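Below is one structure, written out as structure tokens, with a few remarks after it.
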Amino acid sequence: QRVTVAGASTTTDWSGNFTLEESGSFTVGLSGSYITVRNRQTSNGAGSFSGSSFQWTSSSATQAEIDSYVFLHQVRDFWEPLTPEVSMVDDALTSNVNVSGSCNAYYDGDVNFYRAGSGCNNTGSIADVNYHEWGHGFHYWSLEAGTFDGSISEGIGDVTSALLTGDPVIAPYFSTSGSGIREIDTNLRYPDDITGEVHADGLIFAGAIWDLWAELETVYDPETAWLLTAQLFADAIQAA
């Protein structure tokens, strides 16, 4: 996060620590080298403090702003050592939260998350949805051949989430009832199960990667199987 005081500024390290020789009232926002969060309902979250530390709470920013900032750093930090050549992991990304509407999120160069409503929780506060939407950008910026396919991209977004969570259920508590939106531990296959709907068809690809992970775990220790799955997945994306 960027911290400013008396005209001087710096960026905190991974742990949130910073050093500034100037003293006074420090100001901080949910903006850093990689992720900037913008609140599309009210003013952007901001904090000020004069001591040695500051903690984000809902009095300084909405929960969706705080959550999205954390979750997007998590997914970026997961993929950066595996795919340092993909610009997505080092380029600045804006997260727009509390966007008007409900029960949805999307990637358009930025990531965009809707407010709570219509039986759905705020999507900016759901880890899997942040991971999934980041995965769409990861797909786009990884391509070195072929074309961007929407159904494959939905599968890529789901796998991006599952590799971080280890859970085949995508976005638990997407609904206020507690249910998720999809699960990738499925036995769909191409072309028998094509429906023409990108999220459903993406499960064919996502399910194949989930099954690959399970097969590799019969041969390798869990950490090696996980790393091999992630690397094979990332390499496959490049070839579309």
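Atom set for the values below is all heavy atoms of this structure, side chains included, hydrogens, waters and symmetry mates excluded. On a predicted model such as this, the values are computed, not experimentally measured, just so you know.
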Donor-acceptor pair, side chain of T195 and main chain of E197, under 3.5 angstrom: yes

L72 and V111, any side-chain heavy atoms less than 4.5 Å apart: yes

Joint hydrophobic cluster, L163 plus L82, side-chain heavy atoms closer than 4.5 Å: yes

Closest non-hydrogen atom pair between A240 and G146, with its separation: CB-CA, 3.8 Å

Residue F78 excluded, over 12 heavy atoms near CZ under 6.0 Å: yes

Test log, rule side chain to side chain contact (heavy atoms under 4.5 Å, CB included), inputs I209 and T229: CA-CA 7 Å; I209 300 298; T229 304; 3.9 Å; yes

Residues forming a side-chain contact (heavy atoms from CB on, under 4.5 Å) with V169, sequence neighbours excluded: D167, P172, E183

Working for side chain to side chain contact (heavy atoms under 4.5 Å, CB included), residues V3 and T12: CA-CA 7 Å; V3 181; T12 66; 3.8 Å; yes

S161-H132 side chain donor-acceptor pair, cut-off 3.5 Å: no

Worked check of side-chain hydrogen bond (donor to acceptor under 3.5 Å, both in side chains) between S151 and D201: CA-CA 6 Å; S151 59; D201 293 344; 5.3 Å; no

Where G207 and T186 come nearest, the two heavy atoms and their spacing: CA-CG2, 4.4 Å

Separation between CG of D128 and OG1 of T165, rounded to the nearest 0.5 Å: 5.0 Å

Ring centroid separation F113 to Y106 under 6.0 Å: no

Aromatic ring pairing F26/F18, orientation class (parallel under 30°, perpendicular over 60°, tilted between): perpendicular

Reported CD1-to-CG distance for the pair I35 and N130, which is rounded to 0.5 angstrom: 9.0 Å

Taking every non-hydrogen atom, the tightest pair across S118 and S102: OG-OG, 3.2 Å

Whether over 12 other heavy atoms sit under 6.0 Å from Y220 OH: no

Sidechain-backbone polar pair: S15 side chain, N17 backbone, donor-acceptor under 3.5 Å: no

Distance-minimising heavy-atom pair for A225 and E217: CB-CG, 3.5 Å

Between T4 and S9, a side-chain donor and acceptor under 3.5 Å: no

Whether over 12 other heavy atoms sit under 6.0 Å from E85 CD: yes

Validation row: F174, C103 side chains within 4.5 angstrom (heavy atoms): yes

Flag for R115-N98: side-chain donor and acceptor within less than 3.5 Å: no

Between N39 and T42, a side-chain donor and acceptor under 3.5 Å: yes

Reported CG-to-CG distance for the pair N96 and D108, which is rounded to 0.5 angstrom: 7.5 Å

Main-chain N/O of S175 paired to S179 side chain as donor or acceptor, under 3.5 Å: no

T83 side-chain N/O to E80 backbone N/O, donor-acceptor pair under 3.5 Å: no

Spacing of D149 atom CG and F205 atom CZ [to the nearest 0.5 Å]: 10.0 Å

Joint hydrophobic cluster, I152 plus I181, side-chain heavy atoms closer than 4.5 Å: yes

same_hphob_cluster(L232, I237) at 4.5 Å side-chain heavy-atom cutoff: no

Heavy-atom pair of closest approach, residues H136 and Y107: CB-CB, 3.8 Å

Steps toward ring-ring contact (aromatic ring centres under 6.0 Å, His included) verdict (Y69, H73): CA-CA 6 Å; Y69 191 77; H73 275 94; 4.5 Å; yes

Test side chain to side chain contact (heavy atoms under 4.5 Å, CB included) applied to I170 and I184, step by step: CA-CA 8 Å; I170 305 302; I184 65 173; 4.1 Å; yes

Close side-chain approach of V219 to L216, heavy-atom, < 4.5 Å: no

Same apolar cluster (I L V M F W Y, side chains within < 4.5 Å links), L212/I204: no

Side-chain H-bond candidate by donor/acceptor type, D91 with W141, under 3.5 Å: no

Value rounded to 0.5 Å, distance of CZ in R38 from CG in N112: 13.0 Å

Side-chain donor-acceptor contact under 3.5 Å, Q1 with W56: yes

S25 side-chain N/O to S50 backbone N/O, donor-acceptor pair under 3.5 Å: no

Stepwise side-chain hydrogen bond (donor to acceptor under 3.5 Å, both in side chains) check, W14 with D77: CA-CA 10 Å; W14 185 86; D77 290 347; 2.9 Å; yes

W134-Y140 aromatic ring centre distance below 6.0 Å: no

Same apolar cluster (I L V M F W Y, side chains within < 4.5 Å links), L164/L93: yes

Polar contact flag, side-chain donor to acceptor under 3.5 angstrom, E65-T62: yes

Modelled atom types, side-chain donor and acceptor of S95 and S68, under 3.5 Å: yes

Shortest non-hydrogen contact between F49 and S53, atoms and distance: CD1-O, 3.5 Å

Separation of Q238 CD from H139 NE2 (nearest 0.5 Å): 11.0 Å

Aromatic plane relationship, F233 with W79 - under 30° parallel, 30 to 60° tilted, over 60° perpendicular: tilted

Working for side chain to side chain contact (heavy atoms under 4.5 Å, CB included), residues Y114 and C120: CA-CA 9 Å; Y114 286 28; C120 300; over 6 Å; no

Any donor-acceptor N/O pair, D193 side chain to R189 backbone, under 3.5 Å: yes

